[in-house]
Amino acid sequence: MTENNKSMIRESVLLLLLSTVIGLGYAASSGQWLLSHTGDSERSSSPTSSFISLEDAAFLHKKGLAIFIDARHEYDFRQGHIPGAINIPLSEFETDTTLIESLPRNKTVVTYCDGQECNSSVALAQMLLASGFTNVNIFFGGWNEWKSAHAEIEEAHQ
Amino acid sequence: MKAFLSHPVVIIGARLLLGSVFISSGILKITQMEGFAISIVNYKLLSGSAVALLAMILPWLEVLCGASILLGLYYRGSTLLVFLMMILFTGAVLSAVLRGLDISCGCFTQDPAVGKVGWMKIMENLGLIIASSILLINSSANWSYALVTKSLPPQKDHNSTEDPS
(Lines give C-alpha, C1' and ligand atoms only; values in the text may rest on other atoms or scores of the structure.)
Protein backbone atom coordinates (compact mmCIF):
# COMPACT_ATOMS: atom_id res chain seq x y z
CA MET A 1 0.00 0.00 0.00
CA THR A 2 1.40 3.36 -1.01
CA GLU A 3 1.90 6.20 1.46
CA ASN A 4 -0.76 8.12 -0.46
CA ASN A 5 -3.36 5.41 0.17
CA LYS A 6 -2.34 5.05 3.81
CA SER A 7 -2.81 8.77 4.30
CA MET A 8 -6.23 8.60 2.62
CA ILE A 9 -7.38 5.80 4.94
CA ARG A 10 -5.95 7.61 7.99
CA GLU A 11 -7.94 10.72 7.11
CA SER A 12 -11.10 8.66 6.52
CA VAL A 13 -10.81 6.98 9.91
CA LEU A 14 -10.23 10.36 11.56
CA LEU A 15 -13.34 11.82 9.93
CA LEU A 16 -15.37 8.76 10.96
CA LEU A 17 -14.20 9.04 14.57
CA LEU A 18 -14.87 12.77 14.63
CA SER A 19 -18.40 12.25 13.25
CA THR A 20 -19.09 9.56 15.84
CA VAL A 21 -17.96 11.74 18.74
CA ILE A 22 -19.83 14.84 17.52
CA GLY A 23 -22.94 12.87 16.49
CA LEU A 24 -23.31 10.97 19.76
CA GLY A 25 -22.38 14.03 21.81
CA TYR A 26 -24.91 16.19 20.01
CA ALA A 27 -27.67 13.58 20.28
CA ALA A 28 -27.06 13.13 24.00
CA SER A 29 -26.85 16.85 24.77
CA SER A 30 -29.84 17.87 22.64
CA GLY A 31 -32.17 15.21 24.04
CA GLN A 32 -32.31 13.32 20.74
CA TRP A 33 -30.60 10.16 21.97
CA LEU A 34 -32.19 7.39 19.91
CA LEU A 35 -30.71 4.34 21.61
CA SER A 36 -33.05 2.85 24.20
CA HIS A 37 -32.10 2.53 27.84
CA THR A 38 -33.91 -0.67 28.69
CA GLY A 39 -35.01 -0.75 32.31
CA ASP A 40 -33.67 2.71 32.97
CA SER A 41 -36.85 4.24 34.29
CA GLU A 42 -34.94 7.07 35.90
CA ARG A 43 -33.78 8.54 32.60
CA SER A 44 -33.65 12.24 33.21
CA SER A 45 -32.88 13.84 29.85
CA SER A 46 -35.40 16.26 28.35
CA PRO A 47 -38.56 14.49 27.20
CA THR A 48 -38.03 12.60 23.97
CA SER A 49 -39.09 9.30 22.45
CA SER A 50 -36.75 6.40 21.66
CA PHE A 51 -37.07 3.54 19.22
CA ILE A 52 -36.81 0.22 20.98
CA SER A 53 -36.24 -3.26 19.60
CA LEU A 54 -38.38 -6.37 20.09
CA GLU A 55 -35.96 -7.56 22.75
CA ASP A 56 -36.25 -4.29 24.68
CA ALA A 57 -40.04 -4.27 24.34
CA ALA A 58 -40.23 -7.87 25.53
CA PHE A 59 -37.96 -7.04 28.50
CA LEU A 60 -40.07 -4.05 29.56
CA HIS A 61 -43.23 -6.14 29.11
CA LYS A 62 -41.96 -9.13 31.08
CA LYS A 63 -40.77 -6.97 33.96
CA GLY A 64 -43.92 -4.87 33.91
CA LEU A 65 -41.87 -1.70 33.60
CA ALA A 66 -44.00 0.00 30.98
CA ILE A 67 -47.54 0.69 29.85
CA PHE A 68 -48.04 -0.58 26.31
CA ILE A 69 -50.33 1.54 24.16
CA ASP A 70 -51.72 0.15 20.92
CA ALA A 71 -52.28 2.95 18.39
CA ARG A 72 -54.24 0.82 15.92
CA HIS A 73 -57.98 0.90 15.24
CA GLU A 74 -60.21 -0.86 17.73
CA TYR A 75 -61.06 -3.60 15.21
CA ASP A 76 -57.39 -4.56 14.79
CA PHE A 77 -56.87 -4.37 18.54
CA ARG A 78 -59.73 -6.81 19.05
CA GLN A 79 -58.10 -9.29 16.67
CA GLY A 80 -55.12 -9.50 18.97
CA HIS A 81 -52.65 -7.31 20.80
CA ILE A 82 -49.70 -7.34 23.17
CA PRO A 83 -50.96 -8.67 26.52
CA GLY A 84 -51.99 -5.92 28.89
CA ALA A 85 -51.83 -3.23 26.23
CA ILE A 86 -54.42 -0.49 26.20
CA ASN A 87 -55.96 0.73 22.99
CA ILE A 88 -55.82 4.41 22.11
CA PRO A 89 -56.44 4.75 18.37
CA LEU A 90 -54.65 7.78 16.99
CA SER A 91 -57.91 9.26 15.70
CA GLU A 92 -59.45 9.16 19.18
CA PHE A 93 -56.51 10.64 21.07
CA GLU A 94 -57.90 14.16 21.16
CA THR A 95 -61.58 13.30 21.33
CA ASP A 96 -61.38 10.89 24.26
CA THR A 97 -58.79 11.98 26.80
CA THR A 98 -60.25 10.09 29.78
CA LEU A 99 -57.81 7.20 29.57
CA ILE A 100 -54.76 9.38 28.97
CA GLU A 101 -55.55 11.64 31.90
CA SER A 102 -55.70 8.66 34.24
CA LEU A 103 -52.11 7.62 33.46
CA PRO A 104 -49.16 8.90 35.53
CA ARG A 105 -47.01 11.20 33.39
CA ASN A 106 -43.69 9.80 34.67
CA LYS A 107 -44.56 6.18 33.83
CA THR A 108 -42.59 4.51 31.02
CA VAL A 109 -44.82 4.15 27.97
CA VAL A 110 -44.34 2.01 24.85
CA THR A 111 -46.39 2.81 21.74
CA TYR A 112 -46.83 0.47 18.81
CA CYS A 113 -48.98 -0.08 15.74
CA ASP A 114 -48.90 -2.75 13.00
CA GLY A 115 -45.22 -2.45 12.24
CA GLN A 116 -42.79 -0.69 10.01
CA GLU A 117 -45.47 0.14 7.43
CA CYS A 118 -47.39 2.40 9.82
CA ASN A 119 -46.42 5.58 11.58
CA SER A 120 -49.27 5.81 14.13
CA SER A 121 -46.95 4.68 16.93
CA VAL A 122 -44.59 7.60 16.19
CA ALA A 123 -47.44 10.11 15.93
CA LEU A 124 -49.00 8.83 19.18
CA ALA A 125 -45.62 9.06 20.92
CA GLN A 126 -45.30 12.70 19.87
CA MET A 127 -48.81 13.42 21.17
CA LEU A 128 -48.00 11.73 24.50
CA LEU A 129 -44.82 13.81 24.84
CA ALA A 130 -46.84 16.94 24.13
CA SER A 131 -49.30 15.85 26.84
CA GLY A 132 -46.54 15.76 29.44
CA PHE A 133 -45.31 12.16 29.37
CA THR A 134 -41.57 12.09 29.94
CA ASN A 135 -40.53 8.54 29.06
CA VAL A 136 -42.07 7.47 25.76
CA ASN A 137 -40.69 4.59 23.69
CA ILE A 138 -41.70 3.47 20.23
CA PHE A 139 -41.71 -0.24 19.45
CA PHE A 140 -41.44 0.31 15.70
CA GLY A 141 -41.49 -3.39 14.83
CA GLY A 142 -45.01 -3.30 16.24
CA TRP A 143 -47.65 -5.98 16.36
CA ASN A 144 -46.33 -7.84 13.29
CA GLU A 145 -42.87 -8.29 14.79
CA TRP A 146 -44.27 -9.24 18.18
CA LYS A 147 -46.61 -11.80 16.62
CA SER A 148 -44.02 -13.32 14.29
CA ALA A 149 -41.61 -13.71 17.19
CA HIS A 150 -44.21 -16.02 18.75
CA ALA A 151 -44.44 -13.77 21.74
CA GLU A 152 -47.32 -14.20 24.14
CA ILE A 153 -50.55 -13.14 22.47
CA GLU A 154 -53.66 -12.03 24.22
CA GLU A 155 -56.91 -12.44 22.39
CA ALA A 156 -59.11 -9.48 23.00
CA HIS A 157 -61.94 -9.70 25.42
CA GLN A 158 -65.19 -9.61 23.60
CA MET B 1 -10.88 12.66 -21.58
CA LYS B 2 -8.29 12.40 -18.79
CA ALA B 3 -7.35 16.05 -19.36
CA PHE B 4 -11.03 17.03 -19.08
CA LEU B 5 -11.55 15.05 -15.86
CA SER B 6 -8.48 16.66 -14.27
CA HIS B 7 -9.32 20.19 -15.47
CA PRO B 8 -9.37 22.59 -12.46
CA VAL B 9 -12.82 23.91 -13.41
CA VAL B 10 -14.28 20.38 -13.50
CA ILE B 11 -12.69 19.58 -10.14
CA ILE B 12 -13.87 22.76 -8.45
CA GLY B 13 -17.34 22.18 -9.93
CA ALA B 14 -17.44 18.65 -8.51
CA ARG B 15 -16.23 19.94 -5.13
CA LEU B 16 -18.89 22.67 -5.00
CA LEU B 17 -21.61 20.22 -6.02
CA LEU B 18 -20.68 17.46 -3.56
CA GLY B 19 -19.80 19.87 -0.74
CA SER B 20 -23.09 21.75 -0.93
CA VAL B 21 -25.19 18.59 -1.38
CA PHE B 22 -23.60 16.80 1.57
CA ILE B 23 -23.66 19.81 3.91
CA SER B 24 -27.31 20.65 3.18
CA SER B 25 -28.41 17.02 3.33
CA GLY B 26 -26.54 16.47 6.61
CA ILE B 27 -27.93 19.60 8.29
CA LEU B 28 -31.50 18.70 7.28
CA LYS B 29 -31.04 15.23 8.77
CA ILE B 30 -29.61 16.66 11.99
CA THR B 31 -32.69 18.84 12.41
CA GLN B 32 -35.02 15.87 11.78
CA MET B 33 -33.05 13.05 13.41
CA GLU B 34 -36.04 11.00 14.49
CA GLY B 35 -37.63 11.27 11.05
CA PHE B 36 -34.33 10.21 9.48
CA ALA B 37 -34.28 7.13 11.76
CA ILE B 38 -37.76 6.23 10.50
CA SER B 39 -36.55 6.63 6.90
CA ILE B 40 -33.67 4.20 7.58
CA VAL B 41 -36.05 1.68 9.18
CA ASN B 42 -38.35 1.92 6.14
CA TYR B 43 -35.57 0.55 3.92
CA LYS B 44 -35.77 -2.67 5.99
CA LEU B 45 -32.03 -3.23 5.74
CA LEU B 46 -31.14 -2.39 9.35
CA SER B 47 -32.92 -2.46 12.68
CA GLY B 48 -32.58 -1.66 16.36
CA SER B 49 -29.38 -0.05 17.59
CA ALA B 50 -27.82 0.03 14.10
CA VAL B 51 -30.60 2.38 12.94
CA ALA B 52 -30.20 4.63 15.98
CA LEU B 53 -26.40 4.84 15.64
CA LEU B 54 -26.60 5.53 11.90
CA ALA B 55 -29.25 8.24 12.41
CA MET B 56 -27.09 9.98 15.01
CA ILE B 57 -23.70 9.67 13.26
CA LEU B 58 -24.31 9.69 9.48
CA PRO B 59 -25.66 13.28 9.24
CA TRP B 60 -22.53 14.60 10.94
CA LEU B 61 -20.31 12.50 8.69
CA GLU B 62 -22.06 14.07 5.70
CA VAL B 63 -21.57 17.60 7.07
CA LEU B 64 -17.89 17.00 7.94
CA CYS B 65 -17.12 15.37 4.58
CA GLY B 66 -18.97 18.12 2.68
CA ALA B 67 -17.07 20.83 4.56
CA SER B 68 -13.76 18.96 4.12
CA ILE B 69 -14.27 18.71 0.37
CA LEU B 70 -15.10 22.41 0.09
CA LEU B 71 -12.20 23.51 2.28
CA GLY B 72 -9.74 20.92 1.03
CA LEU B 73 -9.04 19.80 4.58
CA TYR B 74 -8.55 16.01 4.91
CA TYR B 75 -9.36 16.16 1.24
CA ARG B 76 -8.38 12.63 0.19
CA GLY B 77 -10.08 10.99 3.16
CA SER B 78 -13.31 12.92 2.64
CA THR B 79 -13.43 12.15 -1.10
CA LEU B 80 -13.04 8.43 -0.32
CA LEU B 81 -15.82 8.55 2.28
CA VAL B 82 -18.16 10.53 0.01
CA PHE B 83 -17.57 8.03 -2.80
CA LEU B 84 -18.28 5.09 -0.46
CA MET B 85 -21.38 6.80 0.98
CA MET B 86 -22.74 7.44 -2.51
CA ILE B 87 -22.22 3.77 -3.43
CA LEU B 88 -24.02 2.66 -0.24
CA PHE B 89 -26.89 5.17 -0.66
CA THR B 90 -27.41 4.15 -4.28
CA GLY B 91 -27.30 0.47 -3.35
CA ALA B 92 -29.96 1.06 -0.68
CA VAL B 93 -32.22 3.00 -3.05
CA LEU B 94 -31.73 0.40 -5.79
CA SER B 95 -32.65 -2.43 -3.42
CA ALA B 96 -35.77 -0.49 -2.32
CA VAL B 97 -36.82 0.02 -5.95
CA LEU B 98 -36.21 -3.63 -6.85
CA ARG B 99 -38.17 -4.81 -3.79
CA GLY B 100 -41.02 -2.47 -4.75
CA LEU B 101 -40.96 -0.62 -1.41
CA ASP B 102 -43.27 2.38 -1.30
CA ILE B 103 -40.97 4.62 0.72
CA SER B 104 -39.53 8.11 0.44
CA CYS B 105 -35.78 8.55 0.04
CA GLY B 106 -35.11 10.31 3.34
CA CYS B 107 -32.26 12.13 1.60
CA PHE B 108 -33.16 15.81 1.99
CA THR B 109 -36.49 15.75 3.78
CA GLN B 110 -38.17 13.23 6.04
CA ASP B 111 -41.62 14.23 4.81
CA PRO B 112 -43.25 11.10 3.31
CA ALA B 113 -45.30 13.39 1.05
CA VAL B 114 -42.29 13.88 -1.26
CA GLY B 115 -43.11 10.60 -2.99
CA LYS B 116 -41.49 7.20 -3.30
CA VAL B 117 -37.94 6.55 -4.42
CA GLY B 118 -37.47 5.48 -8.03
CA TRP B 119 -35.10 5.34 -10.96
CA MET B 120 -34.85 9.15 -11.08
CA LYS B 121 -33.18 9.14 -7.65
CA ILE B 122 -30.78 6.43 -8.84
CA MET B 123 -29.85 8.57 -11.87
CA GLU B 124 -29.26 11.59 -9.60
CA ASN B 125 -27.04 9.43 -7.40
CA LEU B 126 -25.08 8.15 -10.39
CA GLY B 127 -24.28 11.77 -11.23
CA LEU B 128 -22.94 12.29 -7.72
CA ILE B 129 -20.96 9.03 -7.95
CA ILE B 130 -19.32 10.32 -11.14
CA ALA B 131 -18.53 13.64 -9.42
CA SER B 132 -16.99 11.84 -6.44
CA SER B 133 -15.01 9.54 -8.78
CA ILE B 134 -13.52 12.62 -10.45
CA LEU B 135 -12.31 13.86 -7.07
CA LEU B 136 -11.05 10.41 -6.12
CA ILE B 137 -8.89 9.98 -9.23
CA ASN B 138 -7.44 13.47 -8.83
CA SER B 139 -5.39 13.25 -5.67
CA SER B 140 -5.05 17.01 -5.36
CA ALA B 141 -7.07 20.16 -5.88
CA ASN B 142 -6.36 23.86 -6.00
CA TRP B 143 -7.75 26.23 -3.35
CA SER B 144 -7.28 23.62 -0.65
CA TYR B 145 -6.32 24.12 2.95
CA ALA B 146 -4.19 20.99 2.55
CA LEU B 147 -2.01 22.85 0.04
CA VAL B 148 -1.28 25.46 2.70
CA THR B 149 -0.15 22.77 5.11
CA LYS B 150 1.73 20.97 2.29
CA SER B 151 -0.17 17.72 2.96
CA LEU B 152 -1.32 17.64 -0.68
CA PRO B 153 0.85 18.00 -3.77
CA PRO B 154 -0.04 21.00 -5.95
CA GLN B 155 -2.46 20.21 -8.77
CA LYS B 156 -0.79 19.87 -12.15
CA ASP B 157 -1.64 22.40 -14.83
CA HIS B 158 -3.80 20.41 -17.26
CA ASN B 159 -2.24 22.29 -20.19
CA SER B 160 1.32 21.45 -19.28
CA THR B 161 3.06 18.53 -20.98
CA GLU B 162 4.23 15.51 -19.02
CA ASP B 163 7.81 15.54 -17.85
CA PRO B 164 9.60 13.19 -20.31
CA SER B 165 11.96 12.05 -17.59
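Each chain gets a letter, A, B and so on, in the order its sequence line appears, and its residues count up from 1. Values in this document were obtained by computation on a predicted structure and should not be read as measured data.
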Starting at [atom1] of [X], measure out to [atom2] of [Y] and round the result to the nearest 0.5 Å.
X	Y	atom1	atom2	value
A:Leu15	B:Leu73	CG	CG	8.0 Å
A:Arg10	B:Arg76	CZ	CZ	9.0 Å
A:Ser19	B:Ile57	OG	CD1	8.0 Å
A:Met8	B:Tyr75	CE	OH	9.5 Å
A:Leu24	B:Leu53	CG	CG	6.5 Å
A:Leu18	B:Leu61	CG	CG	9.5 Å

Which atom names give the shortest non-hydrogen contact between A:Ser12 and B:Leu81, and what distance separates them?
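Looking at all heavy atoms of both residues, the closest pair is O-CD1, 3.6 Å.
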Identify the two heavy atoms, one from B:Gly77 and one from A:Glu11, that lie closest to each other, and give their separation to 0.1 Å.
N-OE1, 2.9 Å
Relative to chain A, which segment of B:Ile30 carries a heavy atom at a distance below 4.5 Å: side chain, backbone, both, or neither?
both
Which bit of A:Leu14 is near chain B, if near means a heavy-atom gap under 4.5 Å: side chain, backbone, both or neither?
side chain
Counting only non-hydrogen atoms closer than 4.5 Å, does A:Val122 touch chain B with its backbone (N, CA, C, O), its side chain (CB onward), both, or neither?
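Just its side chain gets close to chain B.
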Is it the case that one hydrophobic cluster holds both [X] and [Y], taking links as side-chain heavy atoms less than 4.5 Å apart, direct or via other members?
X	Y	answer
B:Met120	B:Val97	no
B:Leu58	B:Ile87	yes
B:Val21	B:Met123	yes
B:Leu136	B:Leu126	yes
B:Trp60	A:Val21	no

Determine whether A:Ile22 and B:Val63 make a side-chain contact, defined as any pair of heavy atoms from C-beta on separated by less than 4.5 Å.
no
